[in-house]
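Take a look at the structure below.
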Number of protein chains: 2
Amino acid sequence: MESEDADRVTRLLAPRLHMLAALARTEHVTRAAEVLGMPQPTLSRAIARLQEDTGLTLVERTGRGVRLTRAGRLLLPHVERALADLARGVGELTDADRGRVGLTFLPTLGVEVVPALLRDFRRARPDVRFTLVQEPWADSLRRLAAGGADLALTSPLPADPLLESTVLHTQALRLVVPEHHRLAAAGRAVALAEVAGEEFVLLKPGRGVRHLTDLITDRAALTPKVAFEADDIATARGLAGAGLGVTVLPARPRGPLPGTVELALSDPGAVRPIGVVHPARGSGGGYTPPAVATFLEHVRRHGPRLIPDLTG
Amino acid sequence: MESEDADRVTRLLAPRLHMLAALARTEHVTRAAEVLGMPQPTLSRAIARLQEDTGLTLVERTGRGVRLTRAGRLLLPHVERALADLARGVGELTDADRGRVGLTFLPTLGVEVVPALLRDFRRARPDVRFTLVQEPWADSLRRLAAGGADLALTSPLPADPLLESTVLHTQALRLVVPEHHRLAAAGRAVALAEVAGEEFVLLKPGRGVRHLTDLITDRAALTPKVAFEADDIATARGLAGAGLGVTVLPARPRGPLPGTVELALSDPGAVRPIGVVHPARGSGGGYTPPAVATFLEHVRRHGPRLIPDLTG
DNA sequence: TCTGACCCATACTGGATCGCATGGAATCCG
DNA sequence: CGGATTCCATGCGATCCAGTATGGGTCAGA
């Protein structure tokens, strides 16, 4: 019951935090009202009501001025701390220099791309904090949609109208075959249908590349025989080179892995766009904190330069 | 301008602290409204207004429910901390077990009386904090009137109608003369007028005993010749014993100091009431925190037992 | 697919609050 | 010591907000 009463008083107190703080600092109703940008009578009566409602006497008249009572003086530091807490919280939402950015990104990008982006950005704005999550495509998008992150660096980019995307770099998808494969020496673009009956090395479900290969095979009306579902691109490439099957992967920046041959695909949509995704302004996340917007801009500007060389 | 904006948002946010917190905890407008004890539409619109005014999107509809946006989730801990700060502050004012008591007291009482009172009280309520100030009579009362303390243990008790007093013990004032003084062997009550022309050892201005002797000498229409103004009673007593002059002091509990003789005074008002003083409920302090009221009660109950033996 | 249940948002009315102008009280200065 | 000044409190009219009833939208189950 004590605490219920305290809660009641707290709730009555909350709306008048600023008034109380200003009044405490000035000990002068008229001046405090000026500081608060409100008419003097408003403040005067608001305080009067507050005291009547709570039963506390926080200020009292002394001559023609006012001053805080002992109770008011005891309460003041708590009020100011509460206001400071609020201001700090609001600041993180509204200041471009102090906010927090939640970023989820592909495992591949964690090696060099994300560190490079962060390094450059933090040089300019060292007080922006980051919450980083490294996870596959599907998880990233799910987290983004659920509000668990502000931005996703991933691939491919979703069609979801609630998510907005910016392409930073587009890799070509290639058919990767072992060097002794019958098509290895074809020297031309091939269609996926030409390897329809072969064993495929795929990525695990939920991976972006897997989603892309699913789309392509669906469009080519073929159901690949799955030899293995790899956890990452490098593993799939290696297994293909080992002869376990063919696979469809982004072109390797440094050239085909020794023991493998990369063939251009004639199938439509054989590309892997890498980009940054964020909730659409309209429906998804609503308000975008300045720190997030600033980092997004940074990514859009510098991502295209960093990504091509640093993914594989 | 950034910070002005933050302040504006903070001010808009403050009144809705509880709503936001409840909504965040439940993620359910109807249930949050129940918790807050308000109709559902009220909460619904309050949040809508808040978001419109601030430009922030803190909650969003998701299907037929609501959930916090990322901004809301970032803000939440700050809001809860702010509420906790407030609740703690209010608790100190309204809980008898957790408040703070500002106590100012006579230097003499600091030796044993105040420690004894605190020891007993803190055994029952260990979470009540104390702010202690040790200072002479006039300073104590000034501090009390200015709201710098809740209670004063001092002497004498003021006539000020803004201050309420409770007598805990009354000491007789005696004329203290050296053992070879002409009145030393009188063996009867004497009037101050009988030593009108002699040198007096007084206490310094601002001391309670000095105030009392001023009153008595005024009433007896005599202006004492001041041999010395002592800082404390013991010094005055010692100097009187040394023959520097006569003095008027409270009776020494353990009997007259060797080398001195104490004579009862026939003058009216030759008493020194010791008691506890606090702002009157009506005009002075207004609201009395429970912790203060409880300690005051403790002092009233146990003071009379402790003071007689522990002063001198 | 459609009905029912659930839940958040909106229309309308009564009361509290705000802003303006003014009163009352205390202090300062001549 | 008295007028002027400063400052907080209080009436009065307009506005905003809360409470009640209802609408719109979504999800679950048949």
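Every chain is numbered from 1, with letters handed out A, B, ... down the list of sequences. Just so it is clear, the structure is predicted and the values come from calculations on it, not from any experiment.
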Which nucleotide sits closest to the side chain of [X]: [options]?
{"X": "R49(B)", "options": "dC17(D), dT27(C), dC8(D)", "answer": "dC17(D)"}
{"X": "V66(B)", "options": "dC18(C), dC8(C), dG19(D)", "answer": "dC8(C)"}
{"X": "R31(B)", "options": "dA21(D), dC7(C), dC20(C)", "answer": "dC7(C)"}
{"X": "Q40(A)", "options": "dC18(C), dC8(C), dA9(D)", "answer": "dA9(D)"}
{"X": "P41(A)", "options": "dC8(C), dT10(D), dC7(D)", "answer": "dT10(D)"}
{"X": "R64(A)", "options": "dG19(D), dA21(C), dT27(C)", "answer": "dT27(C)"}
{"X": "R61(A)", "options": "dC8(C), dA9(D), dG19(C)", "answer": "dA9(D)"}

Distance-only polar pair, side chains of T69(B) and E60(B), donor-acceptor under 3.5 Å: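 Note: T69(B) and E60(B) side chains miss the donor-acceptor criterion.
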Residues T166(B) and R300(B): side-chain donor-acceptor under 3.5 angstrom: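 Yes.
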G37(B) or V29(A), whichever maps to the more 5' nucleotide of DNA chain D: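 Going by which nucleotide is closer to the 5' end, it is V29(A).
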Protein-nucleotide distance ([X], atom [atom1]; [N], atom [atom2]), rounded to Å:
{"X": "D53(B)", "N": "dC17(D)", "atom1": "CG", "atom2": "C1'", "result": "12 Å"}
{"X": "L12(B)", "N": "dC17(D)", "atom1": "CG", "atom2": "C1'", "result": "15 Å"}
{"X": "I47(B)", "N": "dC8(C)", "atom1": "CD1", "atom2": "C1'", "result": "12 Å"}
{"X": "L50(A)", "N": "dA16(C)", "atom1": "CG", "atom2": "P", "result": "17 Å"}
{"X": "E34(A)", "N": "dG19(C)", "atom1": "CD", "atom2": "P", "result": "14 Å"}
{"X": "L43(B)", "N": "dA18(D)", "atom1": "CG", "atom2": "P", "result": "10 Å"}
{"X": "Q51(A)", "N": "dA9(D)", "atom1": "CD", "atom2": "C1'", "result": "13 Å"}
{"X": "H28(B)", "N": "dA9(C)", "atom1": "NE2", "atom2": "P", "result": "12 Å"}

Candidate pair T104(A) and E135(A), rule side-chain hydrogen bond (donor to acceptor under 3.5 Å, both in side chains), full reasoning: CA-CA 7 Å; T104(A) 171; E135(A) 60 195 350; 2.8 Å; yes
From CD (E229(B)) to CZ (R207(B)), nearest 0.5 Å: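 It is 9.5 Å, given to the nearest 0.5 Å.
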Whether H211(A) and W137(A) hold their rings parallel, tilted or perpendicular, with breakpoints at 30° and 60°: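 Geometry flag for W137(A) against H211(A): parallel rings.
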Presence of T30(B) side-chain N/O under 4.0 Å of dC7(C) phosphate oxygens OP1/OP2: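 Checking T30(B) against dC7(C): no side-chain N or O falls below 4.0 Å of OP1 or OP2.
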dT10(C) phosphate, OP1 or OP2, under 4.0 Å from S44(B) side-chain N/O: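 Checking S44(B) against dT10(C): no side-chain N or O falls below 4.0 Å of OP1 or OP2.
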Residue mapping more 5' on DNA chain C - nearest nucleotide basis, M19(A) or G63(A):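 Its nearest nucleotide being more 5', the pick is M19(A).
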Most 5' of T62(A) and R16(A) on DNA chain C, judged by nearest nucleotide: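 The residue closer to the strand's 5' end, by nearest nucleotide, is R16(A).
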Side-chain-base donor-acceptor pair under 3.5 Å for R45(B) and dG19(D):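 In this structure, the two groups form a donor-acceptor pair.
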salt_bridge(R45(B), E52(B)) N-O dist < 4.0 Å: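 The answer is no: the pair does not qualify as a salt bridge.
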Sugar-phosphate only, base, or nothing, as touched by P39(A) at under 4.0 Å among non-hydrogen atoms: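 The answer is sugar-phosphate, as P39(A) gets under 4.0 Å only of primed atoms, P, OP1 or OP2.
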